[in-house]
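Quick notes on the structure that follows.
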Amino acid sequence: MTAKPIPDLHLTLASASPRRRELLARLGIEPDAVAPADIDETPRKDELPRDYAVRMAREKALAVAADGFVLGGDTVVAVGRRILPKAEDEATARRCLELLSGRRHRVLSAIALRAPDGSLRERLNETVVRFKRFSDAEIGAYLASGEWHGKAGGYAIQGAAEGLVVWLQGSHSGVMGLPLYETRTLLVSAGFALG
Ligand SMILES: Cc1cn([C@H]2C[C@H](O)[C@@H](COP(=O)(O)OP(=O)(O)OP(=O)(O)O)O2)c(=O)[nH]c1=O
């Protein structure tokens with residue numbers, strides 16, 4: 001007889017991002033299900049980057065119908081109060097890189113966990129990153145790499161972009177999409193049994 005799964009112990013990752021899954025695996029966690037949340041990701045008028053990141057993580061965790069725990073996450077790159085887009089085309093990626101060149105920016109990475117009793121817990125990681133001042137050749141080479149595609153702020157720190165980072169204060173995993181310290185403490189505080 002096959003043992004019936006216990007729904008309360010299930011974890012669903014409400015994300016289409018393969019990086020979030022890889023980062024979760026570093027905590028020894030393999031989600032029982034991966035179910036991308038289909039939500040409207042348009043920022044509200046005058047919404048602050050950190051409020052937007054937390055709201056998106058929360059909406060993702062709430063949008064997925066599943067038993068057990070549901071984990072949502074959202075990563076936002078911000079320059080001051082300005083939320084940078086996810087770069088879906090080269091022109092957008094170029095604009096992001098020109099804006100980020102030689103200056104500090106913030107990466108807000110929020111996570112939200114819906115527990116089996118329906119309660120919701122959230123955590124936010126804020127990391128400050130400073131890139132070198134980019135030459136035209138560096139921007140050209142980075143755009144040619146295609147690594148910017150689908151990434152908030154038009155770069156991926158897990159690739160060649162890290163070679164352009166002068167300084168970072170905060171969480172490397174947070175910039176990639178899932179801040180591991182916050183994720184671990186959130187799961188522990190909700191009573192999720194870590195391996
Ligand atoms: C800044 C930065 C962002 N990113 C990625 C992480 C996220 O996947 C993406 C930000 O978009 P998100 O909306 O946070 O995530 P997503 O659309 O990829 O997946 P889902 O909404 O289904 O969870 O940018 C990197 O991979 N590396 C980086 O250095």
Side-chain angles (χ1 to χ4, degrees), residues 11-26 31 33-44 47 49-66 69-79 82-89 92-93 95-97 99-101 103-114 122-132 134 142-143 145-180 182-183 186:
L11 176 69
T12 298
L13 178 61
S15 174
S17 161
R19 287 157 311 261
R20 294 210 166 99
R21 203 175 165 163
E22 285 162 26
L23 287 162
L24 207 51
R26 284 173 54 189
V34 176
D38 186 18
I39 59 161
D40 179 1
E41 297 197 27
T42 316
R44 291 180 180 146
E47 190 169 28
R50 50 168 50 220
D51 296 342
Y52 170 67
V54 173
R55 182 171 68 84
M56 287 298 100
R58 192 190 304 139
E59 287 186 12
K60 288 176 191 178
L62 291 173
V64 169
F69 292 92
V70 181
L71 180 68
D74 197 76
T75 301
V76 170
V77 173
V79 174
R82 180 166 168 189
I83 297 168
L84 270 58
K86 264 191 250 182
E88 300 297 351
D89 58 69
T92 306
R95 276 197 298 278
C96 289
L97 295 174
L99 193 68
L100 299 174
S101 173
R103 67 195 295 189
R104 289 181 186 203
H105 65 273
R106 288 181 298 148
V107 182
L108 293 318
S109 226
I111 45 168
L113 183 72
R114 197 178 89 213
E122 300 153 354
R123 294 275 192 285
L124 176 75
N125 172 264
E126 179 168 334
T127 293
V128 184
V129 180
R130 186 162 81 80
F131 278 123
K132 74 183 289 293
F134 303 140
Y142 194 71
L143 291 175
S145 77
E147 287 186 10
W148 48 268
H149 194 261
K151 308 295 190 310
Y155 75 91
I157 200 159
Q158 63 272 32
E162 183 143 23
L164 306 168
V165 171
V166 178
W167 177 90
L168 179 150
Q169 187 173 53
S171 164
H172 189 271
S173 53
V175 179
M176 266 180 77
L178 193 77
L180 289 184
E182 288 79 0
T183 302
L186 187 65

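Each ligand, and each atom within it, is numbered from 1 in the order the structure gives.
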message: Need the ligand 1 atom indices (1-based, order shown) with element for anything under 4.0 Å from a heavy-atom of Ala16.
response: 20 (P), 22 (O), 23 (O)
- prompt: Which residue owns the protein heavy atom closest to atom 19 (O) of ligand 1, what's the atom, and how far is it?
  reply: Arg20 NH1, 3.5 Å
query: Knowing that exactly one of Leu97, Leu100, Leu168, Val166 qualifies, which makes a side-chain contact (heavy atoms from CB on, under 4.5 Å) with Phe131?
result: Leu100
query: Would you say Met56 contacts ligand 1, with heavy atoms under 4.0 Å as the rule?
result: no
task: Report the nearest protein non-hydrogen atom to atom 21 (O) of ligand 1: residue, atom name, distance rounded to 0.1 Å.
output: Lys60 NZ, 2.6 Å
- line: Ranked by distance from atom 7 (C) of ligand 1, the top protein heavy atom is Arg19 NH2, 3.8 Å
- prompt: If you measure from each non-hydrogen atom of Lys151 to ligand 1, which part falls under 4.0 Å: side chain, backbone, both or neither?
  reply: both
task: Would you indicate whether the side-chain heavy atoms of Ile111 and Pro179 approach each other to under 4.5 Å?
output: yes
message: If the condition is salt bridge (Lys or Arg N to Asp or Glu O under 4.0 Å), which residues does Arg21 pass it with, not counting sequence neighbours?
response: Glu30
query: Judging by distance only, is a nitrogen or oxygen of Ile157 under 3.5 angstrom from one on ligand 1?
result: yes
field: Pair Thr183, Arg20: side-chain N/O donor-acceptor within cut-off below 3.5 Å
entry: no
- line: protein heavy-atom neighbour closest to atom 2 (C) of ligand 1 works out as Val175 O, 3.2 Å
- line: The atoms of ligand 1 lying under 4.0 Å from a heavy atom of Asp74, numbered in the order shown, are 12 (P), 13 (O), 14 (O)
- prompt: Nearest to atom 12 (P) of ligand 1, what protein heavy atom do you find, and at what distance?
  reply: Lys86 NZ, 3.6 Å
query: How far does CG of Asp74 sit from CG of Leu178, to the nearest 0.5 angstrom?
result: 11.5 Å
message: For Leu180, is there any backbone N or O sitting under 3.5 Å from a side-chain donor or acceptor partner on Ser173?
response: yes
query: Are Tyr142 and Phe134 near enough that their ring centres are under 6.0 Å apart?
result: no
- prompt: What is the closest protein heavy atom to atom 1 (C) of ligand 1, and at what distance does it sit?
  reply: Ala152 O, 3.5 Å
- prompt: Short N/O distance, under 3.5 Å, between Gly177 and ligand 1?
  reply: no
field: Validation row: Arg82, Leu99 side chains within 4.5 angstrom (heavy atoms)
entry: yes
query: So which heavy atom in the protein is nearest atom 26 (O) of ligand 1, and how far is it from that ligand atom?
result: Gln158 NE2, 2.8 Å
query: Hey, is Val77 touching ligand 1 through its side chain, its backbone, both or neither, going by heavy atoms under 4.0 Å?
result: side chain
field: Closest protein heavy atom to atom 6 (C) of ligand 1, given as residue, atom name and distance to 0.1 Å
entry: Met176 O, 3.3 Å
- line: Per-atom filter on ligand 1: closer than 4.0 angstrom to a heavy atom of Ser17 are 8 (O), 18 (O), 19 (O)
statement: For Glu182, the salt bridge (Lys or Arg N to Asp or Glu O under 4.0 Å) test, sequence neighbours excluded, returns none
- line: To the nearest 0.5 Å, atom CD of Glu126 lies from atom OG of Ser109 at 11.0 Å
message: Out of all atoms in ligand 1, which are within 4.0 Å of some heavy atom of Ala156? Include the element for each.
response: 27 (N), 28 (C), 29 (O)
query: If you count the atoms of ligand 1 from 1 in the order shown, which ones are under 4.0 Å from a heavy atom of Ser15?
result: 19 (O), 20 (P), 22 (O), 23 (O)
task: State the atoms of ligand 1, each with its element, that fall below the 4.0 Å cut-off from a heavy-atom position in Glu41.
output: 13 (O), 21 (O)
statement: If we number the atoms of ligand 1 from 1 as shown, the ones under 4.0 Å from a heavy atom of Thr75 are 10 (C), 14 (O)
